[in-house]
J.: 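Next up is a structure, given as structure tokens.
The figures that follow rest on heavy atoms only: side chains count, while hydrogens, waters and symmetry mates do not.
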Amino acid sequence: MSLLMNEKIKSKEVDLTGLEGESLGIVSRDEALAMAKQLKADLVCTSPMSFPPPCKLVSRGEAKKEQSQQKREERLREQPAKEKELRLSASIEEHDYDTKRRQAEKLLASGNAVLLVVRLQGKHEQAPAKQLLERLSADLAPAGTKATGIQVSGKQAAVRINPAV
């Protein structure tokens, strides 16, 4: 949706709101444009379909900045959540474990799903890998929920955690 500003507003009269949000009543478009120029502001139409269209005085450049911010937020909301993979080893040190947990919490907080993967070197690592994934998914419970159980297949063990809504 394009923003109607200044000379692009075609209506003869507008219902004007001032810079501080105060109602200035119904004035002619030319008078509103003159007032905007005098205050070094933009005249922005908030609802072009009503009559007279409600318009407000906004600090110069502020309206476009607001509109681009709204577009950016809409784009982010429309994007599907991405799945990010975090790789661990079955014999992970405590400090490294804490780092991976913090990374996963950040990813979940930003709306991404996390796939925790433990690479297995041999059959003897299956049990520790399962325990590691259980512990990590329990620690991440406030930030997200398990979407799958722990799956052990061949050379890796994995679990997917979705962000908490």
Side-chain angles (χ1 to χ4, degrees), residues 1-88 92 94-118 133 135-151 158-165:
M1 182 186 121
S2 168
L3 204 59
L4 277 182
M5 285 174 54
N6 301 330
E7 281 76 24
K8 289 184 181 165
I9 299 170
K10 297 297 179 199
S11 179
K12 287 186 180 11
E13 291 183 328
V14 295
D15 186 2
L16 190 61
T17 304
L19 285 169
E20 307 296 321
E22 72 278 8
S23 176
L24 300 174
I26 296 173
V27 296
S28 73
R29 181 190 90 128
D30 296 334
E31 194 179 329
L33 284 170
M35 206 179 295
K37 200 170 275 185
Q38 180 187 356
L39 295 170
K40 291 186 173 60
D42 285 323
L43 182 64
V44 179
C45 184
T46 54
S47 176
M49 293 302 159
S50 26
F51 188 80
C55 294
K56 61 182 180 179
L57 293 172
V58 180
S59 303
R60 190 149 284 158
E62 198 66 35
K64 284 190 178 182
K65 193 163 60 172
E66 247 177 61
Q67 186 186 28
S68 68
Q69 179 73 29
Q70 282 177 339
K71 279 185 181 176
R72 190 178 307 115
E73 286 173 5
E74 282 174 21
R75 239 188 348 261
L76 287 175
R77 277 195 298 269
E78 288 169 5
Q79 285 180 348
K82 293 187 175 87
E83 181 180 86
K84 303 286 185 172
E85 184 177 304
L86 284 180
R87 293 182 182 173
L88 309 128
I92 191 169
E94 198 58 36
H95 174 266
D96 296 334
Y97 172 85
D98 291 337
T99 303
K100 291 291 184 179
R101 182 183 47 75
R102 279 195 307 275
Q103 275 183 324
E105 284 172 349
K106 263 189 200 168
L107 289 168
L108 290 167
S110 66
N112 295 308
V114 176
L115 183 66
L116 301 169
V117 177
V118 178
L133 290 176
R135 178 179 164 208
L136 194 50
S137 54
D139 288 348
L140 292 172
T145 54
K146 279 203 307 192
T148 62
I150 294 175
Q151 300 162 337
V159 64
R160 180 187 161 116
I161 299 179
N162 287 338
V165 180

J.: Please report the interatomic distance CZ(R135) to CZ(R101), rounded to the nearest 0.5 Å.
T.: 9.0 Å
J.: Considering non-hydrogen atoms only, spot the tightest contact between L133 and A158 and give its length.
T.: CD1-N, 3.8 Å
J.: Looking at E94 and K100, is any side-chain nitrogen of the basic one under 4.0 Å from a carboxylate oxygen of the acidic one?
T.: no
J.: How close do C55 and V14 get, counting heavy atoms only, and between which atoms?
T.: SG-CG1, 3.6 Å
J.: Do you know which two heavy atoms are closest between E105 and A143, and how far apart they sit?
T.: CG-CB, 4.5 Å
J.: I need the minimum non-hydrogen distance between T148 and Q151, along with the two atoms involved.
T.: CB-NE2, 4.0 Å
J.: Return the set of residues passing salt bridge (charged side-chain N to carboxylate O under 4.0 Å, His left out) with K146 (not counting sequence neighbours), or none when no residue passes.
T.: E134
J.: If you measure from the Lys or Arg side-chain nitrogens to the Asp or Glu carboxylate oxygens, is any gap between R160 and E83 under 4.0 Å?
T.: yes
J.: Search all heavy atoms of I26 against all heavy atoms of P52 and return the closest pair with its distance.
T.: CD1-CG, 3.8 Å
J.: For the atom pair CG (D15) and OG (S23), what is the distance rounded to the nearest 0.5 Å?
T.: 5.5 Å
J.: With rounding to the nearest 0.5 Å, note down the distance linking SG in C45 to CZ in R29.
T.: 11.5 Å
J.: Please test L136 against L88 for side-chain contact (heavy atoms from CB on, under 4.5 Å), starting from the C-alpha separation and ending with a verdict.
T.: CA-CA 11 Å; L136 194 50; L88 309 128; 4.0 Å; yes
J.: Kindly compute the distance separating CG (L16) from CG (L57), expressed to the nearest 0.5 Å.
T.: 4.5 Å
J.: If I take atom OG1 from residue T17 and atom CG from residue L43, how far apart are they, to the nearest 0.5 angstrom?
T.: 10.0 Å
J.: State which residue, out of V159, V114, L116, fulfils the side-chain contact (heavy atoms from CB on, under 4.5 Å) condition with L140.
T.: L116
J.: Enter the distance from K12:NZ to D30:CG here, rounded to the nearest 0.5 Å.
T.: 9.5 Å
